[in-house]
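Comments concern the structure below.
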Amino acid sequence: MIIENYICGEFCKTITNLYSQSIDIKQVQVQKTKKEFNGDFTINVFPFLKISKKSPEQTATEIGNYLKENISEISSFEVIKGFLNITFSNSFWLNKLNKHSDNVIENNKSQNILIEYSSPNTNKPLHLGHIRNNLIGHSLSEILKANGNNVTKVNLVNDRGIHICKSMLAWQKWGNGITPEKANKKGDKLVGDFYVLFDKEYKKQVAELISNGKLKEEAEKKAELIIEAREMLRKWEAGDTEIYKLWETMNSWVYKGFEQTYNLLGITFDKTYYESQTYGLGKDEIIKGVATGALIKKEDHSICADLTSDGLDEKVLLRSDGTSVYITQDIGTAIMRKKEFNANKMIYIVGNEQIYHFQALKLVLKKLGYNWYDTISHLSYGMVELPEGKMKSREGTVVDADDLIQEMFDTAKTISSELGKLDGLTEKEIEQIIKIVGLGALKYFILKVDPKKNMLFNPTESIDFNGNTGPFIQYTYARIKSVLRKANELNIITPEKINDKIELNEIEKSIIKQIVNYNNIVNDAANELNPSIIANYIYSLVKDYNQFYHDYSILKEENIEKRNLRLFISKHTASAIKNSMN
RNA sequence: GGUUCCGUAGCUCAGUUGGAUAGAGCAACAGCCUUCUAAGCUGUGGGUCGAGCGUUCGAAUCGCUCCGGAAUCACCA
C-alpha cells in the first residue's frame, strides 16, 4: 500500500497540473498490473475523463507522459484503453527489496492486543473444531506480533456446569477408582469416556421411563441420573468438600491431557482463565446498570437488557434467583481484562454459532457506558465438516485432535520414506521431519480456507503433499536453503552490486514484487483478521519461485551478477516464507 | 418467521477499496530427472461466478427480489 499511496499522490498532482482541477485521493485507483500486461502498477483513468474531456487513450497517454517526465523511477508506461500501466525501473524494485531485507515491518502503531482462543470444555477431549480454532488463534497472534503489537494470548476453560458433573457422576458410579495411570490413557480421554457413559446410561433410563408411559420431556427431567447430576452441581456450588476434591482431581487429569495436545500443536497461552473463577464476575456491573437505568429489572427480579432497538431481542443478564448466566461472566471478564492489560483491542476466536452472543455482549457493554465496547471483535469461524457430513459426538464421527495429528505424522512418515526422503537419517531426525511435515500439512490445509466459511475436511486430501499444500511450501523452502548453503559466495550478494544493468526477466521481477509487497499483505491481513490471505499469498510466491527454479541453473550461469541476483532473490524468498510459516 | 453467513471448474478452494481474456490444486490425459531436492515443472480439456433485475464507462465483487445450504434467535454454555 505504501507504493500505491505514493502513486496516488503523484497522480493527484498530475491531474491538478494538467487540467487545473483538484481531486480527492480516494478517487484514484491503483492496482498491481495483471500478469498478462506489461507494467508494475495500473492506474485507471476512466473516472477522470470528465475532467480531461478527452478519450480514455488520450487522457492516459497525457498523464503517462507527465508522470514519466517527473518521476525518474518510472522507466516506461503503456496505455491500453483507459488503463495506464506504468513500469518502475529495476533499481527501484531492488532497492525496495533491500529495504525490507529483514522483513521488519515499518510504520507501526504498536497496540496491546488480547486474543482469546481455544476455550475448551473439561468434559471432552479436543477435536477437529478446536484445531481450527487453535490454529486460527495462534496464527493470528503471530501475525499481530509480526506487526509489532504486544499480544497477550489467553484461554478460557469451561470447567464447571452440569456437563462437568455428568462425567464426575459417571466416574463415581462406575469408575471403580480408575485413574489415567491405571487405565494407561490420557486424562482428557478418560474423562470424556465417562461423559459418554453417562449419556448412554441416561438415555437408557429415559427410554425406560417412556416405555412406562411417561412423555419424552418429562422422562428427560425425571430420570434419576440427571437428578443426581443436578444435585451434584448444587453441592459443588455450595462448596461441598468431597465433590470439590473430585472435581479438582478429574479436571487436573484433563488439563494434563490438554497440555499434551497443545504441545503437539505447538500452541501456548500467556494466561489461562477458568470459568469456575470468573462465573461470578459481572454481577456488580449489572446491578450498577439497573441503578443507572441502563438495564431493566423485571417483576420476577431477573435483569434484562433491552436490545430491540438494535435489532436483537431482550437479553437476560441475571436470573430471577440472582445467579449469573453465560453472558454475565463474559461482561465481567471483558471489563476485567480491559483494565488488566490496558487492551486496545480484544479479539475472541469463537465459532460462528456465537455471533449473536457477541453482538449482545458489545451492546450491553455499550449500555453500561463502556465506550471501548467496539474494540471487542469476534473472529467467528465456520464449522468443519467431514465428507460424511457434520461431526456428531453421538454417532462417534468426531475427529479426535490427537488421533488426527498422529495420523498426519504416520502419513508423513509413509510418504516420505516411499519417496526416499528419509534415507540415511537418524531416528531423531526422522521424527523431527515427520513432525514438521505432518503438522505443516494440517496447519496449512486448515488455515488456507477463509475462516468465516464452513470448510470440508477430507482426511485423504489433507494428507496429500502435492499442489497447494503446506509440505509443498516447506519443500520449496528447504530447497532454497539448500541453494543458499551451496552458494558459499553468499558474502558477495550485495544490493549495491545489483543495478540497472541487469535485466530482470518476468519471473525474477514478479518474485521481487511479491516479496516487496509481503509486509503490506501481512499488515492488511492483520487488519482484516484473516490468516488465510497470507497462506494463499505465500503459496503464489512459492509457485513463482518454483518456476524460477526450474527455468534456470545457477551453476551453469554465465555471469556473476546474474548469479548474485538469483541468490539475492532466493534469500529474500526464504525469509518471506519463513516469516509466514511460524 | 426475524437476523447473520455461504453459493465460483467434476471435487476442495483463491479472487485485494467494483476493472482488462475469472485463477490454483486435486482428479483425467500427454510430456519432462544432463538442471539447486521430480513433495517438482510444462501442456491439453474442463465455467451461464446459484437465478433474475438494478446501479455505471465496467459487476464474481455493490443494491433489491427470489432459489439452495448453514448458524442463531434460552433464566444452556
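Heavy atoms only: backbone and side chains are in, while hydrogens, waters and symmetry mates are out. Proteins get letters first, then strands, A, B, ... in listed order; numbering begins at 1 in each.
Rounded to a whole Å, the CD atom of A/Glu353 is 9 Å from the C1' atom of B/U72. The nearest whole Å value for the distance from the OH atom in A/Tyr444 to the P atom in B/U12 is 17 Å. Rounded to whole angstrom, the span from the CZ atom of A/Arg160 across to the P atom of B/A77 amounts to 7 Å. A straight line from CD of A/Glu78 to P of B/A20 spans 17 Å, rounded to a whole angstrom. In this structure, A/Lys481 atom NZ and B/A39 atom P are separated by 20 Å, rounded to whole Å. Atom CG in A/Asn468 sits about 13 Å away from atom C1' in B/G15, given to the nearest Å.
Searching all strands for a Watson-Crick or G-U wobble partner of B/A24 with both distances below 3.5 Å returns B/U12. Nucleotide B/C57 is matched to B/G19 when pairs are restricted to Watson-Crick or G-U wobble geometry with both distances under 3.5 angstrom. With both pairing distances under 3.5 Å, B/G52 is matched to B/C64 as a Watson-Crick or G-U wobble pair. Across the strands present, B/U3 finds its partner in B/A71; the criterion is a Watson-Crick or G-U wobble pair with both atom distances under 3.5 angstrom. Nucleotide B/U34 has no partner under the Watson-Crick or G-U criteria, as no pair reaches both atom distances under 3.5 Å. Searching all strands for a Watson-Crick or G-U wobble partner of B/G47 with both distances below 3.5 Å returns nothing. Nucleotide B/A39 has no partner under the Watson-Crick or G-U criteria, as no pair reaches both atom distances under 3.5 Å.
Environment of CD in A/Glu431: sparse, with no more than 12 heavy atoms of neighbouring residues, nucleotides or ligands closer than 6.0 Å. For NZ of A/Lys413, the number of neighbouring non-hydrogen atoms (other residues, nucleotides, ligands) closer than 6.0 Å is 12 at most. Shown here is A/Gln432, whose CD atom has no more than 12 heavy atoms of other residues, nucleotides or ligands within 6.0 Å.
A gap of 36 Å separates the P atoms of B/U3 and B/A22, to the nearest Å. Straight-line distance between the P atoms of B/A27 and B/U12: roughly 15 Å, to the nearest whole Å. For the C1' atom pair drawn from B/U17 and B/A60, the interatomic distance equals 16 Å after rounding to whole Å. Taking atom C1' on both B/G10 and B/U4, the two are 31 Å apart, rounded to the nearest angstrom. B/G19 and B/A51 have their C1' atoms separated by 24 Å, with the value rounded to a whole Å. When the C1' atom is compared between B/U35 and B/U42, the two are found 15 Å apart, to the nearest whole Å. When the C1' atom is compared between B/A14 and B/C76, the two are found 38 Å apart, to the nearest whole Å. Annotation: B/C49 and B/G7 have their C1' atoms spaced 9 Å apart (nearest Å).
Regarding the sugar-base torsion, B/C32 falls in the anti class, its angle being beyond 90° of 0.
Comparing B/A77, B/A39, B/U72 against the side chain of A/Glu275 picks out B/A77 as the nearest. Set against B/A71, B/A20, B/A77, the side chain of A/Asn85 has B/A20 as its closest nucleotide. Closest approach to the A/Lys543 side chain among B/U72, B/A20, B/U42 is made by B/U42 (side chain taken as heavy atoms from C-beta onward). The side chain of A/Arg319 lies closest to B/A77 when the candidates are B/C41, B/A77, B/C57. When distances are taken from the side chain of A/Leu456 to each of B/A20, B/C13, B/A39, the shortest belongs to B/C13. Minimum atom distance to the side chain of A/Arg479 is reached by B/G40, of the listed B/G40, B/C11, B/A20. Candidate nucleotides B/A77, B/A39, B/A20 were compared by shortest atom distance to the side chain of A/Val325, and B/A77 ranks first. Relative to the side chain of A/Phe46, the nucleotides B/C57, B/G40, B/G25 differ in distance, and B/C57 lies closest. In this structure, of B/A39, B/C41, B/G19, it is B/G19 that holds the atom nearest to the side chain of A/Phe83. The side chain of A/Thr42 approaches B/A20 more closely than any other nucleotide in the set B/A20, B/A71, B/A14.
Residue-level contact check: A/Val30 touches the bases, meaning some heavy atom is under 4.0 Å from a base atom. Counting non-hydrogen atoms under 4.0 angstrom, A/Asp450 reaches the backbone sugars and phosphates but no base. Residue-level contact check: A/Ser416 touches the bases, meaning some heavy atom is under 4.0 Å from a base atom. Counting any heavy atom pair closer than 4.0 Å across all strands shown, A/Tyr539 reaches sugar-phosphate atoms only and no base atom. Residue-level contact check: A/Ser532 touches neither bases nor backbone, having no heavy atom under 4.0 Å from any strand. Contact annotation for A/Glu528: no contact, since no heavy-atom pair falls under 4.0 Å across all strands.
A distance of 9.0 Å separates CG in A/Leu233 from CE in A/Met168, rounded to the nearest 0.5 Å.
In summary, A/Arg234 and A/Glu237 do not engage in a salt bridge, as defined by a charged side-chain N under 4.0 Å from a carboxylate O.
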Check nucleotides 5-9 of chain B against the protein and report each pair of N or O atoms closer than 3.5 Å, with its distance, or say if there are none.
{"unit_1": "B/C6", "atom_1": "OP1", "unit_2": "A/Lys452", "atom_2": "NZ", "d": "3.3"}
{"unit_1": "B/G7", "atom_1": "OP1", "unit_2": "A/Lys453", "atom_2": "NZ", "d": "3.2"}

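A/Thr122 places none of its side-chain heavy atoms less than 4.5 Å from the side chain of A/Tyr195. Counting heavy atoms from C-beta on, the side chains of A/Val542 and A/Tyr477 never come closer than 4.5 Å.
Residue A/Lys81 places no side-chain N or O under 4.0 Å from the OP1 or OP2 atom of B/A20. In this structure, A/Gln31 does not reach the B/G19 phosphate: none of its side-chain N or O atoms is under 4.0 Å from OP1 or OP2. Phosphate contact (OP1/OP2 of B/A71, side-chain N/O of A/Lys390, threshold under 4.0 Å): present. Contact check, A/Lys486 against B/U37: a side-chain N or O comes under 4.0 Å of OP1 or OP2.
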**Asked** Yes or no on salt bridge (charged side-chain N to carboxylate O under 4.0 Å, His left out) for A/Asp40 and A/Lys513, after CA distance, side-chain angles and deciding distance?
**Response** CA-CA 8 Å; A/Asp40 298 327; A/Lys513 285 200 280 190; 3.0 Å; yes
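Stacking of A/Phe472 onto the six-membered ring of B/A39 is not present when judged by under 5.5 angstrom between centres and under 30° between planes. A stacking contact between A/Tyr356 and B/C73 is absent: the pair does not combine a ring-centre distance of less than 5.5 Å to the base's six-membered ring with planes differing by less than 30°.
In this structure, A/Tyr117 has its ring center at least 6.0 angstrom away from the ring center of A/Tyr381. Between A/Phe548 and A/Tyr545, the distance separating the two ring centers is shorter than 6.0 angstrom.
Smallest separation of non-hydrogen atoms from A/Lys315 and A/Ala360: CD-CB, 4.1 Å.
Between the side chain of A/Asn546 and the base of B/G40 there is no donor-acceptor pair of N/O atoms closer than 3.5 Å. A donor and an acceptor atom never sit less than 3.5 Å apart when one is taken from the side chain of A/Ser540 and the other from the base of B/A24.
For the pair A/Pro47 and A/Glu385, both in contact range of RNA chain B, the more 5′-proximal nearest nucleotide belongs to A/Pro47. Place A/Asp464 and A/Ile80 on RNA chain B by their nearest nucleotides, and A/Ile80 ends up nearer the 5' end.
In this structure, A/Asn121 contributes its side chain and A/Asn123 its backbone to no donor-acceptor pair below 3.5 Å.
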